[in-house]
Structures are given as structure tokens and as C-alpha cells.
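Excluded from the calculations below are hydrogen atoms, water molecules and symmetry mates; all remaining heavy atoms, backbone and side chain alike, are included.
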Amino acid sequence: MENKARLVIDSLSDNIGLARVTVASFASQLNFTLAELEEIKVAISEAVSNSIIHGYQGEIGEIDISMRVHEHQLEIIIEDQGCGIEDIKTACEPAYTTADRMGLGLVFIDSFMDKFEIESKVNQGTILKMVKIPAQEQKQVN
Amino acid sequence: MENKARLVIDSLSDNIGLARVTVASFASQLNFTLAELEEIKVAISEAVSNSIIHGYQGEIGEIDISMRVHEHQLEIIIEDQGCGIEDIKTACEPAYTTADRMGLGLVFIDSFMDKFEIESKVNQGTILKMVKIPAQEQKQVN
Amino acid sequence: MKLSFKKYNNKLVVRPYGEFDLHTVDIFKEKLEQRLTEDINGIILNLDGIKFIDSSGLGAIIGTYKRISNKGGVLAIAEVTPQVERIFEISGILKIIKLYPSEAEALDNIVGR
Amino acid sequence: MKLSFKKYNNKLVVRPYGEFDLHTVDIFKEKLEQRLTEDINGIILNLDGIKFIDSSGLGAIIGTYKRISNKGGVLAIAEVTPQVERIFEISGILKIIKLYPSEAEALDNIVGR
Ligand SMILES: Nc1ncnc2c1ncn2[C@@H]1O[C@H](COP(=O)(O)OP(=O)(O)O)[C@@H](O)[C@H]1O
Ligand SMILES: Nc1ncnc2c1ncn2[C@@H]1O[C@H](COP(=O)(O)OP(=O)(O)O)[C@@H](O)[C@H]1O
């Protein structure tokens with residue numbers, strides 16, 4: 001079975017909860033535990049917050065969240081057309097931040113998702129690709 | 001304050017609950033009561049079910065749900081590129097159905113929303129436009 | 001949707017849990033059909049576990065009503081939530097199907113019919 | 001986010017309810033600042049009402065820790081939910097801030113400091 005959905009939101013902090021709820025609701029068609037759904041919510045929350053704060057720096061732009069369920073795995077792509085990241089490797093280091101924040105957002109995404117990739121071009125925007133597979137499915141494969 | 005979001009889903013019945021949850025979550029930034037949020041959910045459920053059953057007749061297509069909060073009112077536009085409705089006036093009559101169903105979907109939308117309009121072209125698709133204003137806001141205006 | 005069933009002589013108590021919409025009506029119909037043996041002449045539908053219903057769910061209830069009426073039986077509905085009651089009221093379904101505040105009262109009232 | 005406050009001598013118990021993220025951190029900081037009078041030398045943050053936290057919420061907690069530490073006071077955290085505890089563990093915040101199972105225990109342990 002394959003299923004797709006896409007949520008496009010204005011880069012307002014009001015919409016972070018909406019993004020979490022929508023992705024968690026979409027994700028719940030797979031066998032995720034409640035704890036896993038919470039992990040997905042954190043990843044979405046961090047990604048959307050980054051697009052709002054760093055990507056658009058408070059200006060209003062669009063954040064595009066594509067979700068797909070495919071072969072029992074959840075694929076999420078989060079995209080902004082914001083300022084982009086110059087040095088992705090450095091950005092991913094724990095405690096690295098350009099905005100007096102925790103510098104843990106990308107670290108959380110990486111530890112909560114099974115796959116995590118960043119593509120970014122300065123002045124063009126940032127794309128985050130993540131995959132999460134229910135632990136239950138992973139066991140069945142092995 | 002203005003805020004926008006857009007949800008695009010595959011026309012699968014699995015996604016009806018997702019559409020309800022997303023729209024209700026978006027709507028909750030206005031002063032809707034729980035009962036009003038339930039009414040919004042019914043309207044979304046009916047519209048999305050119609051696109052799945054009547055619009056795409058079981059084929060997979062996209063259903064586009066645009067939401068906007070503007071001047072304390074919620075505007076929702078639901079669009080499919082399905083078979084369209086030949087006679088909109090007849091379709092809106094209670095108990096009228098072309099699919100051995102209740103014929104109450106459009107009646108429910110009309111009674112639960114403050115404004116409701118249908119645009120449709122045979123073989124091109126159907127657009128439902130709805131507006132809901134929190135009863136609390138309506139009182140304040142009067 | 002999850003369903004639970006209980007049988008009292010020839011009455012069947014059906015209790016669906018979850019959301020009652022286009023996505024779940026087929027499960028409801030299928031599971032009910034499996035339990036609807038020849039001898040059953042009354043169905044009590046306990047709806048206290050239904051968090052959401054729309055016209056598709058309503059259609060499945062009307063379908064159940066028709067199914068049991070055709071074999072001379074009755075359908076009673078018990079313990080509706082406010083959202084479900086609201087939908088019932090607007091739809092006019094209350095003209096043909098009775099609501100009871102509890103499962104026990106519904107059973108009492110249709111026993112012996 | 002909603003917040004409730006209680007004062008025991010010069011300790012302030014703060015109890016936020018809801019989701020602790022970028023959308024709510026400003027409200028948290030603002031309301032807390034209003035209650036953070038000169039005399040306060042200890043804050044107990046009761047987190048049993050927090051249904052969700054991410055790194056933005058965590059940042060506000062670290063900010064509170066710095067704020068009270070700078071004036072020589074202490075911060076203790078009580079009654080975390082599993083989701084919050086998980087985030088605390090991964091972040092390393094537990095190296096600097098102590099968790100207590102109940103508000104009363106947190107109070108007992110920081111009183112007199
Ligand atoms: N969507 C984005 N657009 C531009 N820059 C970003 C984006 N996401 C992350 N960054 C950069 O990466 C850094 C680290 O991000 P993160 O680990 O989430 O920490 P924090 O948000 O606390 O700064 C940010 O400070 C920022 O410089
Ligand atoms: N999105 C749509 N695309 C095509 N036809 C539609 C659509 N929505 C409604 N219709 C038509 O209008 C009729 C009445 O719709 P409705 O009141 O929702 O009742 P029901 O879904 O029970 O048939 C449908 O039977 C169908 O013929």
C-alpha cells in the first residue's frame with residue numbers, strides 16, 4: 001500500500017502544532033508505538049521551527065511538508081525557500097547555533113529518525129529528508 | 001491576523017480522518033467551541049468522502065484542502081479533479097444520491113457551515129467553498 | 001473501528017469503538033454480518049464508544065435497521081454521545097429508530113417483541 | 001500555554017500546561033519574569049502538565065536555570081512526563097538540573113539553600 005499527503009503552511013509559529021498533529025495523524029496508519037509517534041513529532045517540530053527562525057528569519061514564507069507511506073516506512077520531506085545553510089556539517093554539530101538557541105534541533109531529528117539527510121543552497125532554501133520505520137517492522141524483517 | 005495552510009491528500013478513505021484532524025487543528029486558533037469544531041469535522045468528512053466516492057469513483061486522485069483564517073473567520077476550499085456534478089441544485093436536495101447513500105452529505109455541510117457554495121464542471125471537477133465563524137465572534141459583532 | 005458483541009437469547013448487542021465514517025463502514029457491516037445468525041430478532045447498537053459519525057456512518061446504521069426489519073426484527077440504539085445525537089437529530093433517523101439512555105433499558109424494551 | 005504560580009517563602013513553584021515549543025516559549029518567559037521578584041532564590045518547575053517539549057522548550061528551561069543561577073538561586077524540576085524525560089536525557093540537561101518525582105520533594109530539597 002502507498003499513501004501520500006502534503007501539508008503547506010505559512011511560516012508562523014502558530015502552525016508548528018498543526019504540522020505535528022498532521023504528520024502524527026498520517027504516521028498512525030503504520031504500526032508506530034506512541035513513543036515513536038512522539039519522536040516523529042519532535043523531529044517535525046524542530047524542522048518547522050528551523051524554517052521559521054533560521055530559514056525565513058521571521059519573514060512569512062511557505063513550508064512544504066510531504067509525507068509518504070511506502071513499504072511500511074514513513075518518508076517525510078520538509079522544504080523551505082529560505083536563506084539556506086552554508087556549512088551543513090557544522091550546522092549538524094551539537095550545540096552549534098547561529099541564533100542563540102540550543103543547537104540541538106538537527107541532533108534530535110538525527111537521533112529520532114532512522115534516516116536523515118539535508119540538502120541546502122544559500123539563498124535558495126533547505127530540504128530535510130527523513131525516514132522512520134516502526135521498530136515492530138524492523139524486527140519482523142530480521 | 002491572517003494564516004494559511006493547505007493539505008493535499010490522495011483520495012483514499014484512510015485519509016478522511018487525517019483531513020478532519022488537520023482542519024480541526026487549524027481551526028482551533030479561532031474561538032470555536034468543541035461543538036463547533038465537531039461541526040467543522042463533519043463538513044470536512046462529507047466533502048472528502050464525496051470526492052473519493054463520487055468525484056474519483058474509487059480511482060486515485062488528489063483532494064486539495066485550502067484553509068485560511070482571516071478576520072476571525074475560517075475559510076475552507078475543497079477541490080477535486082473528478083467527474084464533476086451535472087446538476088448542483090438537485091445534488092443539494094436532501095436524500096438525493098447517485099450512489100445508494102444517504103444523500104445527506106451536502107445537507108450536513110450546508111447546515112453546519114455559515115456559508116457554503118459549490119462550483120463544478122462535468123469531467124473537470126468540483127470545488128466546495130465554506131466559511132465558518134465562531135458563534136462567539138458573531139455575538140460580539142451584533 | 002473495533003467491535004464487541006454480546007448475545008442475550010435472540011438479541012445481539014453490538015458495540016463499535018472509534019470513528020464511524022466511510023473508512024470504517026465496511027468493517028462494521030462485515031463483522032456484523034458474521035454475527036447476524038438466523039435466530040436473531042433484535043439488535044441493540046451501543047454507541048458510547050463512537051467519537052465521530054458522519055452521513056456514511058449513519059448510512060450503515062440505516063442499513064442495519066433495514067437488514068433486521070426485513071427479517072421482522074427490531075433495532076434499538078443506546079448511549080449516544082452528543083456529537084452522534086446531533087447528527088441523528090438533523091438526519092431524521094429518530095423517526096424510525098428509538099434511542100435509550102442505557103443498554104439495559106434498550107434490552108428491556110425490545111425483549112419479547 | 002497556561003501557567004500557574006505558587007509562592008512558598010522565597011521559592012516559586014511554576015506549573016506550565018500545554019505544549020512547550022517555539023510558539024509558547026515567549027509566553028512562558030514573559031509570565032515567569034513578572035513573578036520573579038527580587039526575593040526569590042529558588043524555582044520549582046512542575047512539568048506534569050507538559051504534553052510536548054522540543055529543543056525550543058528546553059532552551060526556555062535552560063534560560064530559566066541561567067536566570068536564577070545568576071542571582072545565586074536554584075532550579076529544580078518536578079513530575080516530568082515520559083516524553084519530557086526522554087528529551088531531557090538526550091540533551092544532557094540532567095547534568096545541571098535535578099529531577100524530583102514530586103513537587104513536595106523538590107521543595108524539601110531546595111528549601112534552606
Ligand atoms: N531551515 C534552515 N534554514 C537555514 N538555516 C538552518 C535551517 N535549519 C538549521 N539551520 C542552521 O543550522 C543551525 C543548527 O540548527 P539546530 O541544530 O536546529 O539548532 P538551533 O535551531 O537551536 O540553532 C542553526 O542555528 C542554523 O544556523
Ligand atoms: N465531489 C463530488 N463529485 C461528483 N459528484 C458529487 C460530489 N459531491 C457530491 N456529488 C453528487 O451529489 C450527490 C449528493 O451528495 P451528498 O449530499 O453528499 O450525498 P451522498 O454522498 O450520500 O450521495 C451525490 O450522490 C453525487 O451525485
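For residues 77-103 of chain B, a heavy-atom distance under 4.5 Å to chain C picks out B:Arg101, B:Met102, given by residue number. Residues of residues 58-75 of chain B placed with any heavy atom under 4.5 Å of a heavy atom in chain C are absent; none qualify.
Residue B:Ser49 touches chain C through both its backbone and its side chain, counting heavy-atom pairs closer than 4.5 Å. Neither the backbone nor the side chain of B:Leu12 comes within less than 4.5 Å of any heavy atom of chain C.
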(request) Starting from the C-alpha separation in whole Å, work towards a yes-or-no answer on salt bridge (Lys or Arg N to Asp or Glu O under 4.0 Å) for C:Glu19 and B:Arg20. (result) CA-CA 11 Å; C:Glu19 309 195 302; B:Arg20 283 197 298 263; 2.8 Å; yes
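For CD of C:Glu38, the number of neighbouring non-hydrogen atoms (other residues, nucleotides, ligands) closer than 6.0 Å is 12 at most. A 6.0 Å sphere centred on CG of C:Asn9 holds no more than 12 heavy atoms belonging to other residues, nucleotides or ligands. The 12-atom threshold is exceeded at CG of C:Leu94, counting heavy atoms of other residues, nucleotides or ligands nearer than 6.0 Å.
Of all heavy-atom pairs spanning C:His23 and B:Ser13, the tightest one is ND1-OG, 2.7 Å. Smallest separation of non-hydrogen atoms from C:Asp54 and B:Phe108: C-CE1, 4.5 Å. Residue C:Ile53 comes nearest to B:Val42 through the heavy atom pair O-CG2, 4.0 Å, listed as atom of the first residue, atom of the second, then distance.
C:Leu22 CG to B:Asn15 CG: the interatomic distance, rounded to the nearest 0.5 Å, is 11.5 Å.
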